[in-house]
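Each remark here refers to the structure printed beneath this line.
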Amino acid sequence: MKTILIGIAGGTGSGKSTFTNRLKDRFGDDIDVIYHDNYYRRQDDVPMEVRQKRNYDHPDALETDLLVEHLKQLKAGHAVDGPVYDYTMHNRSEKTMHIEPRRIIIVEGILLLADRRLRDMFDIKIYVEADADERILRRIVRDVEERGRSLENIVEQYLTTVKPMHYLYVEPTRAKADLVINSGLNDVAFDIMATKIQKLLEEA
Ligand SMILES: Nc1ncnc2c1ncn2[C@@H]1O[C@H](COP(=O)(O)OP(=O)(O)O)[C@@H](O)[C@H]1O
Ligand SMILES: Nc1ccn([C@@H]2O[C@H](COP(=O)(O)O)[C@@H](O)[C@H]2O)c(=O)n1
């Protein structure tokens, strides 16, 4: 069985998870979903005050070597136990996520297309686009509700690291994508990808 890897990138709050979750809801256990965010580096020995101020939007913040290794293992037909990230602690949790090899694996993350090894592995590369003002407004709501953040913390992080890194490392990868989709709620893009995935599953 040849594994098809689909990379879904785009800025924070662009709708990557929204798009990915719609596909997961449609195909269930027929597809795997792996989040690059789960590969943020461990910071066991770093005090919380320091963790809160770190740059999480630079490629070095992520252990991409481990993600590449896990994707190679899955492509070779071996299951892996992937890390699970806890945003409230700015650290990996003690849990792991067991991932079985599947015909279709979706990988999602802001910096996926910034890594040449990952770009070369993906059969389909997607970039989800949304205006910066909409992205930050969505992020504020989400990070307060789901990631245990304060408004002051979100604004400071956005201005010091998230925004500058987006224009340095994330937005330039738009040009590397096969498909650029306008919003994670785009029904036409969803239908195109759902049809493609269905065909790939039937061929397998
Ligand atoms: N097109 C949209 N319109 C309104 N809200 C949206 C849209 N896309 C995403 N959201 C909301 O914005 C938040 C961030 O979206 P998410 O898919 O998690 O973005 P990403 O994974 O790219 O960071 C979520 O709460 C989601 O429900
Ligand atoms: N400890 C962390 C780790 C990451 N982030 C932020 O997550 C963003 C990526 O996730 P999206 O779902 O928004 O794509 C990224 O912009 C990091 O700033 C964080 O805040 N804290």
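These values consider heavy atoms only, across backbone and side chains, with no hydrogens, waters or symmetry-generated copies. Remember, it's 1-based here, ligands and their atoms both numbered in the order they're listed. None of the values given here were measured: they were computed from a predicted structure.
When only non-hydrogen protein atoms are considered, atom 19 (O) of ligand 1 lies nearest to G15 N, 3.3 Å. Here the heavy atom of the protein found nearest to atom 5 (N) of ligand 2 is Y56 CB, 3.9 Å. Looking only at heavy atoms of the protein, atom 13 (O) of ligand 2 is closest to T12 OG1, 2.6 Å. The nearest heavy-atom contact from the protein to atom 14 (O) of ligand 2 is K16 NZ, 2.8 Å. At the shortest separation from atom 27 (O) of ligand 1 among protein heavy atoms lies T18 OG1, 4.2 Å. Shortest contact from atom 10 (O) of ligand 2 to any protein heavy atom: D37 OD2, 2.9 Å. Among all non-hydrogen protein atoms, the one lying nearest atom 16 (O) of ligand 2 is D57 OD2, 2.4 Å. Nearest non-hydrogen protein atom to atom 11 (P) of ligand 2 is R142 NH1, 3.7 Å. Regarding atom 21 (N) of ligand 2, its nearest protein heavy-atom neighbour is R149 NH2, 3.1 Å.
Checking atom 24 (C) of ligand 1 against the protein gives no heavy-atom contact under 4.0 Å.
An N or O contact shorter than 3.5 Å links R139 to ligand 2 by distance. For ligand 1, the polar-atom distance check against K16 finds a nitrogen or oxygen pair separated by under 3.5 Å. For ligand 1, one of its N or O atoms has an N or O atom of G13 under 3.5 Å away. In terms of polar-atom proximity, E146 is not counted as a contact of ligand 1, lacking any N or O under 3.5 Å from an N or O of the ligand. Of the N or O atoms in G184, none lie within a sub-3.5 Å distance of an N or O in ligand 1. Considering backbone and side-chain N/O of S17, none are found under 3.5 Å from N/O of ligand 2. Residue E108 has no N or O atom closer than 3.5 Å to an N or O atom of ligand 1.
Between the side chain of R51 and the backbone N or O of V46 there is at least one donor-acceptor pair closer than 3.5 Å. Not one N or O on the side chain of R103 forms a donor-acceptor pair closer than 3.5 Å with the backbone of M1. R117 places no side-chain N or O within 3.5 Å of a backbone atom of D115 that could act as its donor or acceptor partner. In this structure, the side chain of Q73 does not engage the main chain of H78 through any donor-acceptor pair within 3.5 Å. With R139 contributing its side chain and G13 its backbone, the two residues share no donor-acceptor pair below 3.5 Å. T173 places no side-chain N or O within 3.5 Å of a backbone atom of K176 that could act as its donor or acceptor partner.
Not a single heavy atom of A130 sits less than 4.0 Å from an atom of ligand 1. Distances from ligand 2 to the non-hydrogen atoms of Q157 include at least one value under 4.0 Å. Using a 4.0 angstrom heavy-atom cutoff, G10 does not count as in contact with ligand 1. Heavy atoms of Y35 come nearer than 4.0 angstrom to ligand 2 in no pair at all. Every heavy atom of E108 sits 4.0 Å or more from the atoms of ligand 2. Look at R147 and you'll find a heavy atom under 4.0 Å from some atom of ligand 2.
Contacts with ligand 2 closer than 4.0 Å are made by side-chain heavy atoms of I110 only, the backbone lying farther away. Heavy atoms of R54 found under 4.0 angstrom from ligand 2: none, in either backbone or side chain. Counting heavy atoms closer than 4.0 Å to ligand 2, residue R51 contributes nothing at all. Residue contacts with ligand 1, taken as heavy atom pairs separated by less than 4.0 Å, involve S183 solely via side-chain atoms from C-beta onward.
Of the candidates Y40, Y158, Y85, it is Y85 that places a heavy atom closest to atom 1 (N) of ligand 2. When the options R135, E145, R138, R22 are ranked by their closest heavy atom to atom 11 (C) of ligand 1, first place goes to R138. Heavy-atom proximity to atom 18 (O) of ligand 1, evaluated over S17, A9, S14, is greatest for S17.
Against a heavy-atom cut-off of under 4.0 Å, V162 is close to the following atoms of ligand 2: 18 (O). Using a 4.0 Å cut-off to heavy atoms of G11, the atoms of ligand 1 that qualify are 22 (O).
Residue A177 comes nearest to I126 through the heavy atom pair CB-C, 4.1 Å, listed as atom of the first residue, atom of the second, then distance. Among all heavy-atom pairs drawn from G184 and R22, the shortest one is O-CD, 4.1 Å.
Two residues are said to be in side-chain contact when any heavy atoms from C-beta on lie closer than 4.5 Å; V107 and L71 meet this criterion. Side-chain contact between R116 and D120 is present, with heavy atoms from C-beta onward closer than 4.5 Å. In this structure, L5 and I105 have side chains that are in contact, with non-hydrogen atoms separated by less than 4.5 Å.
Tested against Y39, the residues R92, E63, H70 include a single side chain to side chain donor-acceptor pair (under 3.5 Å) partner, H70. Of the residues listed (R174, R135, K16), the one engaging E129 in a salt bridge (charged side-chain N to carboxylate O under 4.0 Å, His left out) is R174, and it is the only one.
In the displayed structure, K24 atom NZ is contacted under 6.0 Å by more than 12 heavy atoms of other residues, nucleotides or ligands. More than 12 heavy atoms of other residues, nucleotides or ligands lie within 6.0 Å of CE in M48, so this atom counts as buried by the packing criterion.
Linking ILVMFWY residues whenever their side-chain heavy atoms come closer than 4.5 Å, directly or via other members, places I8 and M193 in the same cluster.
Atom CG of residue L67 and atom CG of residue N38 lie 10.0 Å apart, to the nearest 0.5 angstrom.
The aromatic rings of Y56 and H90 sit parallel to each other, their planes meeting at less than 30°, with 60° as the upper class boundary.
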